[in-house]
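In this text, all values refer to a predicted model and were calculated from it rather than measured experimentally. Residue indices begin at 1 and follow the sequence shown.
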Amino acid sequence: MTIKYPSTCIQILSSRRRTLPFCLRTINKYANPGKYPIFIHYFDDIYKSKLRKIIIKAIAGRNLKFMKVPYSSPKNVSEDEMFFNRKEFDYVRNSFPRERKGYLHMCNFINNIYKYKNTEVHKFDYLRVYDDECGYLTDIPFEPAKFISERGIEFAAQFYEKRLKNGAPHSGHLATRTNLFDFLLYYLEKNKIVPKSKELFDCINSDNPKWNFHFLKWADTYVIKTSVFKSKNWKDWITAINASGGTYKYRWGDNEIYTLFGLMNYEYGVYDLGFVKKGIHHQSKFRALQDIAPSIKELNK
C-alpha cells in the first residue's frame, strides 16, 4: 500500500561540510519516510561536483540536490551599520567579527526563502527547514507535513520554547533583538493588528512588555505550508522587515521573524511538534565536528 504524503521538500542551508553528511544520514534514516527531495542550498563554491557526488553516494541520496544561491548586502544598510560593527554589544566584541557576515546573509536567506533565486521551494505544498549540524536520534512518530495538513495547521516547529540561560535571556539574545520589540509595536499599530495568540497579546499588555518579550517561546526547525508565503500577511511582514534593515543591523534572526509572524496570525502561535522535547531531534547533534559555520568568501558583498 502506497502512503500518500503532501507535496513536501526538505531544505538545509549549509556551510559546514564536515557535519552535513552526518546530518543528512539521520534525516534519511529516521525522518524522510516519503523520500522527499532534499535541497542543499549554499553560498560560494564550497560544494564542488566531486564532493557532492561523494555525499550523495554515501547517504544513498537519490533525491538530494545541491543548489548554489547568491548573496549580497542590502542597499539600505551601509557597511558601518552592519551588526558586526556595533561594538556597544559585548556579544559583538566577543563573538561576532566581520568574518561572520555570512551569518547575516543566512538569516536573510531563510527569511526570504520563498522564490529566492536558484531555489525550488515554491514548487511544493510544505517546507521543512533544518540546520546543517542537527540530527535525529530516533524514528519520527509521524510525518510532520502530513500531520499538520490533516489538522489545518499552517505553521509548526520541532522546537518551540523559551531561550533562556540560568532563567534569564542570554546577552547574545538581548543584542540580537535590539529594537525588535519597538519595531513590532510600530508594525502592529500601523497595520491595526491585534495579535491572535494569547502569548503575544499578554506580553504586550503586561507591566513590563519590553522585558517580558525576551521570555516568549521561540521556534526553530520549521514545518511550513508554503501558501503562507503567498499571503498578504506574510508579504507585508517580510517587506517591512527587509525595509527596516534589522536583519543586517541587529542580526534579527529567522527564529524571531518567523515566530513573531506566527504569534501575530495564529491562535496557536507556532504549533509545537515537540520532537526536541521528546528527544527525537537534536538541533546541534554534530556541532562538535564543526562549531561556528564557515563564513562567505566575499566579505565585501
Side-chain angles (χ1 to χ4, degrees), residues 81-97 100 103-104 106-107 110-111 129-131 133-134 155-188 195-222 237 241 244-264 266-288 291-293:
E81 293 178 293
M82 292 282 176
F83 183 67
F84 47 79
N85 283 320
R86 297 190 175 276
K87 304 307 181 185
E88 67 267 31
F89 302 125
D90 289 340
Y91 174 71
V92 173
R93 291 195 299 270
N94 298 330
S95 304
F96 210 96
R100 294 197 67 193
Y103 193 95
L104 305 181
M106 180 279 292
C107 292
I110 300 297
N111 288 339
V129 180
Y130 292 96
D131 293 329
E133 81 272 34
C134 76
F155 190 90
Q158 298 190 38
F159 174 90
Y160 185 50
E161 194 51 81
K162 295 179 180 180
R163 291 180 178 266
L164 304 174
K165 184 177 183 180
N166 299 322
H170 186 276
S171 61
H173 293 155
L174 295 176
T176 59
R177 295 172 190 155
T178 299
N179 288 342
L180 182 55
F181 182 72
D182 291 333
F183 175 81
L184 174 67
L185 291 185
Y186 158 78
Y187 184 83
L188 292 172
K196 290 187 177 180
S197 72
K198 186 176 184 299
E199 184 179 356
L200 182 57
F201 182 86
D202 288 349
C203 171
I204 291 173
N205 292 283
S206 65
D207 292 336
N208 193 357
K210 203 164 189 175
W211 176 246
N212 292 335
F213 177 73
H214 297 292
F215 290 82
L216 292 171
K217 290 182 288 186
W218 303 98
D220 202 349
T221 315
Y222 322 109
W237 173 239
I241 291 295
S244 75
T247 299
Y248 285 88
K249 290 180 181 179
Y250 305 112
R251 214 214 76 174
W252 292 352
D254 54 279
N255 302 135
E256 285 83 5
I257 301 310
Y258 276 79
T259 300
L260 291 175
F261 177 81
L263 293 172
M264 283 190 289
Y266 307 109
E267 288 185 6
Y268 55 80
V270 179
Y271 188 90
D272 186 9
L273 295 169
F275 286 6
V276 172
K277 292 177 185 174
K278 296 172 183 175
I280 297 167
H281 182 79
H282 194 302
Q283 292 174 282
S284 57
K285 178 173 172 57
F286 300 111
R287 181 166 282 196
D291 187 5
I292 299 297

Anything under 30° is parallel, anything over 60° is perpendicular, the rest tilted; go ahead and classify Tyr266 against Phe261.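 Plane angle over 60°, so perpendicular.
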Within a radius of less than 6.0 Å around [atom1] of [X], do more than 12 heavy atoms belonging to other residues, nucleotides or ligands occur?
X	atom1	result
Glu88	CD	yes
Lys210	NZ	no
Lys87	NZ	yes

side-chain contact (heavy atoms from CB on, under 4.5 Å) assessment of Leu184 paired with Phe213: CA-CA 10 Å; Leu184 174 67; Phe213 177 73; 4.1 Å; yes
Tell me if a side-chain donor or acceptor on [X] pairs with a main-chain N or O of [Y] at a distance below 3.5 Å.
X	Y	value
Tyr268	Ala156	no
Arg86	Tyr250	no
Trp237	Met264	no
Asp254	Ile110	no
Thr259	Glu256	no
Asp131	Glu133	no
Tyr186	Phe181	no
Ser197	Leu263	yes
Ser244	Ile241	yes
Asp291	Arg287	no

Consider only side-chain N and O atoms of Asp220 and Gln283, and report whether a donor and an acceptor are under 3.5 Å apart.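 Result is yes, a qualifying pair exists.
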Straight-line distance of [X] [atom1] to [Y] [atom2], nearest 0.5 Å:
X	Y	atom1	atom2	result
Tyr103	Ser95	OH	OG	12.0 Å
Leu188	Leu200	CG	CG	6.5 Å
Leu180	Ile257	CG	CD1	5.5 Å
Met106	Thr247	CE	OG1	10.5 Å

One thing to verify: whether Asp272 and Lys217 come together as a salt bridge, which I'm taking to mean a side-chain N less than 4.0 angstrom from a carboxylate O.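 Asp272 and Lys217: not salt-bridged.
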In terms of side-chain geometry, is the basic nitrogen of Glu81 or Lys249 positioned less than 4.0 Å from the acidic oxygen of its partner?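 The answer is yes: the pair qualifies as a salt bridge.
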Could you walk me through whether Leu104 and Phe84 satisfy the side-chain contact (heavy atoms from CB on, under 4.5 Å) test, starting with their C-alpha distance in whole Å, then the side-chain angles of each, then the deciding distance to 0.1 Å, before giving a yes or no? CA-CA 10 Å; Leu104 305 181; Phe84 47 79; 4.1 Å; yes
Does the pair Tyr187 and Asp182 meet the rule for a side chain to side chain donor-acceptor pair (under 3.5 Å), with working shown? CA-CA 9 Å; Tyr187 184 83; Asp182 291 333; over 6 Å; no
Please check if the distance between the ring centroids of [X] and [Y] is under 6.0 Å.
X	Y	result
Tyr248	Phe83	no
Phe159	Trp218	no
Phe89	Tyr91	no
Tyr130	His281	yes
Tyr271	Phe155	no

Kindly determine whether Tyr258 and Asn111 satisfy side-chain contact (heavy atoms from CB on, under 4.5 Å), including the steps that lead there. CA-CA 8 Å; Tyr258 276 79; Asn111 288 339; 3.7 Å; yes
Return the set of residues passing side-chain contact (heavy atoms from CB on, under 4.5 Å) with His214 (not counting sequence neighbours), or none when no residue passes.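 Partners of His214 by the side-chain contact (heavy atoms from CB on, under 4.5 Å) criterion, ordered by chain and then number, come out as Pro169, Leu174, Arg177, Trp211.
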Excluding sequence neighbours, so at least two apart, what forms side-chain contact (heavy atoms from CB on, under 4.5 Å) with Pro97?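 Partners of Pro97 under the side-chain contact (heavy atoms from CB on, under 4.5 Å) test: Glu99, Arg100.
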Let's go through Leu216 and Cys203 carefully: what are the C-alpha distance in whole Å and the side-chain angles of both, what is the deciding distance for side-chain contact (heavy atoms from CB on, under 4.5 Å) to 0.1 Å, and is it a yes or a no? CA-CA 8 Å; Leu216 292 171; Cys203 171; 4.0 Å; yes
Are the side chains of [Y] and [X] in contact, using a 4.5 Å heavy-atom criterion?
X	Y	answer
Glu161	Lys277	yes
Cys134	Thr221	no
Ile280	Gln158	no

Where is the tightest heavy-atom contact between Val270 and Ala219, given as atom of each residue plus distance?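 That closest heavy-atom pairing would be CG1-CB, 3.8 Å.
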Lys285: which residues meet the salt bridge (charged side-chain N to carboxylate O under 4.0 Å, His left out) condition with it, sequence neighbours left out?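 Lys285: no salt bridge (charged side-chain N to carboxylate O under 4.0 Å, His left out) contacts found.
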